Amino acid sequence: QVQLVESGGGLVQPGGSLRLSCAASGSFFSFSIVGWYRQAPGKQRELVAHITRGGYTNYADAVKGRFTISRDNAKNTVSLQMNSLKPEDTAVYYCGVGGSGGMDYWGKGTLVTVSS
C-alpha cells in the first residue's frame, strides 16, 4: 500500500502563486515517475507535470513557463511551484506515482481556486 498526501492548495488571486507538495509513505525512488495532474469540473484528469527518477521533466503546454516540478530528496517530497496563476488553473490537483505504463497510485487531491 502506497500513501500519497498532497498539501498547499487554497484560494489565490489571478497572478498569484502557490506551492503544492506531495509526500509519500515510502521513497519516491521506488517509482520511475512522479506526476501532478489536475481535474476541473466537467473535465477529465489531465497532466500538469512529470518528473522522472533521473530528473527529467515534462509539462503540459498550458502551464509551461509558469509551473515548475521539483524533488527534495532529503525531505522525500515532490513539489509543484505555480506562478502567474490564471482562473483556468482552478482544479483539484492530484499527485500520482507510477511508470511509463501509467500512474499506479494517487493522492486524494488538493483544491486550487484562482479567483478575484
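Note that the structure is predicted; figures quoted are calculated from it, not measured. Starting from 1, each residue takes its place in the sequence as its number.
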Whether Glu6 side chain and Gly109 backbone form a donor-acceptor pair below 3.5 Å:
yes

Taking atom types as modelled, is there a side-chain donor on Ser17 or Asn83 under 3.5 Å from an acceptor on the other?
yes

Answer yes or no: does atom NZ of Lys64 have more than 12 heavy-atom neighbours from other residues, nucleotides or ligands under 6.0 Å?
yes

Does some side-chain heavy atom of Val112 sit less than 4.5 Å from a side-chain heavy atom of Leu20?
yes

side-chain contact (heavy atoms from CB on, under 4.5 Å), paired with Lys43, selected from Glu46, Arg45, Gln39
Glu46

Which atom names give the shortest non-hydrogen contact between Ala60 and Leu47, and what distance separates them?
CB-O, 3.3 Å

Grab the two heavy atoms, one from Phe28 and one from Val34, that are nearest each other, plus how far apart they are.
CD2-CG2, 3.4 Å

Apply side chain to side chain donor-acceptor pair (under 3.5 Å) to Tyr94 and list each qualifying residue two or more places apart in sequence or on a separate chain.
none

Search all heavy atoms of Ala91 against all heavy atoms of Ala40 and return the closest pair with its distance.
CB-N, 3.9 Å

How close do Ser32 and Gly99 get, heavy atom to heavy atom, and via which atoms?
CB-CA, 4.1 Å

Trp36 and Val78: side chain to side chain contact (heavy atoms under 4.5 Å, CB included), yes or no, with the steps?
CA-CA 9 Å; Trp36 284 97; Val78 174; 4.0 Å; yes

Is the Trp106-Tyr37 ring centre distance short of 6.0 angstrom?
yes

Could you tell me which residues satisfy salt bridge (charged side-chain N to carboxylate O under 4.0 Å, His left out) with Arg66, sequence neighbours excluded, listed by chain and number?
Asp89

Atom CD of Glu88 with >12 non-hydrogen neighbours under 6.0 angstrom
yes

Grab the two heavy atoms, one from Tyr59 and one from Ala49, that are nearest each other, plus how far apart they are.
CD2-CB, 3.6 Å

Salt bridge (charged side-chain N to carboxylate O under 4.0 Å, His left out) against Lys75, all qualifying residues, sequence neighbours excluded
none

